[in-house]
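Just below is one structure, and these are the notes that go with it.
Note that this is a predicted model, so its numbers are computed, not measured.
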Amino acid sequence: MEHSNENYVSQTDIKRMRRQAFAMWSIFGLIIFGWVLLILLTPFAASRDLTSVSGSLYNFFGFFCHQIPERSLHFENHAFAVCSRCFGIYFGLLAGFVAYPFFCSVEDVEPPRRVWLFAAMIPMAVDWSLGYFGFWANTHLTRFLTGA
């Protein structure tokens, strides 16, 4: 009985792919961590009168978020660089990235089904719709949680 060698992957290649997968996960994890850290650094810098740093970061994050102060979390009376919903999205991305290896293999290249992406947006859409149409007032907590 003959076996096909077309699907064979050597143990050396498997070890190399595992190292590459872990390296990519680590790099992207550090990028996401840095992004969240910059969001938190902005009001901290503003509270310490480091206006060149905070002003630059507020301008930078202005490209990604509306930055309405009433919809933003605050640190020492200074708004975060993004609103509470955007912060929830970025924090949730960081938390999911850190938790991923506990639930799935880092080497797994198969993405989750697209339906889960759309299902994850439903709570945010409901929260936004109820607030937009005046059925209830969104809070920082609901915005953060639905973003996360």
Side-chain angles (χ1 to χ4, degrees), residues 2-48 50 52-76 78-132 136 138-148:
E2 291 185 32
H3 294 288
S4 173
N5 290 336
E6 64 189 42
N7 293 330
Y8 174 76
V9 180
S10 72
Q11 290 299 312
T12 306
D13 287 342
I14 289 173
K15 288 178 183 177
R16 182 181 49 81
M17 288 187 284
R18 284 185 176 153
R19 281 193 308 272
Q20 288 175 341
F22 182 76
M24 293 306 294
W25 176 80
S26 300
I27 289 167
F28 282 104
L30 287 173
I31 291 170
I32 297 166
F33 177 76
W35 187 267
V36 171
L37 192 64
L38 287 175
I39 292 170
L40 297 172
L41 176 68
T42 306
F44 180 80
S47 71
R48 303 297 185 263
L50 300 171
S52 61
V53 174
S54 63
S56 298
L57 289 172
Y58 279 124
N59 287 335
F60 172 74
F61 282 107
F63 291 108
F64 304 100
C65 179
H66 57 71
Q67 297 179 324
I68 297 173
E70 299 83 41
R71 294 186 180 178
S72 299
L73 298 168
H74 287 71
F75 173 77
E76 293 187 4
H78 295 279
F80 280 24
V82 296
C83 70
S84 54
R85 181 168 287 133
C86 289
F87 184 66
I89 291 170
Y90 298 132
F91 185 80
L93 178 63
L94 177 63
F97 218 79
V98 169
Y100 185 83
F102 295 104
F103 298 99
C104 299
S105 173
V106 173
E107 310 99 44
D108 188 11
V109 295
E110 194 64 35
R113 292 183 43 208
R114 197 172 294 147
V115 69
W116 292 113
L117 176 65
F118 291 108
M121 292 189 304
I122 291 172
M124 189 184 323
V126 168
D127 184 51
W128 177 85
S129 299
L130 291 175
Y132 183 79
W136 87 343
N138 303 49
T139 65
H140 292 305
L141 181 62
T142 63
R143 288 186 185 111
F144 175 80
L145 290 176
T146 58

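For the atom pair CZ (Phe97) and OG (Ser26), the distance works out to 8.5 Å, reported to the nearest 0.5 Å. Atom OG1 of Thr42 sits about 11.0 Å away from atom CG of Leu50, to the nearest 0.5 Å. Annotation: the span from Phe33 atom CZ to Leu93 atom CG amounts to 13.5 Å, rounded to 0.5 Å. Considering CD of Glu70 and SG of Cys83, their distance stands at 12.0 Å, rounded to 0.5 Å.
In this structure, Arg48 and Glu76 have side chains that are in contact, with non-hydrogen atoms separated by less than 4.5 Å. Residues Met121 and Phe118 form a side-chain contact, since some pair of their non-hydrogen atoms from C-beta on lies under 4.5 Å apart. You'll find the side chain of Phe144 stays beyond 4.5 Å of the side chain of Thr139, heavy atoms only. For the pair Tyr58 and His78, the minimum side-chain heavy-atom distance is below 4.5 Å. Residues Arg71 and Arg85 have side chains not in contact (no heavy-atom distance under 4.5 Å, counting atoms from C-beta outward). In this structure, Leu40 and Phe80 have side chains that are in contact, with non-hydrogen atoms separated by less than 4.5 Å.
In Arg16, the CZ atom is crowded: over 12 heavy atoms of neighbouring residues, nucleotides or ligands sit closer than 6.0 Å. With a 6.0 Å radius and a threshold of 12 heavy atoms from other residues, nucleotides or ligands, Tyr100 has its OH atom above the threshold.
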Inset, instruction - Test side-chain contact (heavy atoms from CB on, under 4.5 Å) on Leu38 and Phe61 and set out the steps. - result: CA-CA 9 Å; Leu38 287 175; Phe61 282 107; 3.9 Å; yes
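Of all heavy-atom pairs between Gly29 and Leu94, the closest is O-CD1, 4.3 Å. The minimum heavy-atom distance between Phe64 and Cys86, with the atom names listed, is O-SG, 4.4 Å. Across all their heavy atoms, Val36 and Phe87 have their closest contact at CG1-CE1, 4.1 Å. Taking both residues in full, the closest heavy atoms of Ala120 and Pro123 are given as O-CD, 3.4 Å, listed atom of the first, atom of the second, then distance. Summarising the geometry of Ser72 relative to Gln67, their closest heavy-atom pair is OG-C, 4.3 Å, with the distance given to 0.1 Å. When all heavy atoms are compared, the tightest approach of Tyr90 to Ile32 is O-CG2, 4.4 Å.
A donor-acceptor distance shorter than 3.5 angstrom exists from the side chain of Thr146 to the backbone of Thr142, with no hydrogens or angles considered. Of the possible donor and acceptor atoms, one in the side chain of Asn138 sits under 3.5 Å from a partner among the backbone N and O of Asp127. Under the 3.5 Å distance criterion, the side-chain polar atoms of Ser54 are left unmatched by any main-chain donor or acceptor of Pro43. Of the possible donor and acceptor atoms, none in the side chain of Trp128 sits under 3.5 Å from a partner among the backbone N and O of Arg143.
Using the six-membered ring where Trp is involved, Trp35 and Phe60 have ring planes that are perpendicular, over 60° apart on the 30 and 60° scheme.
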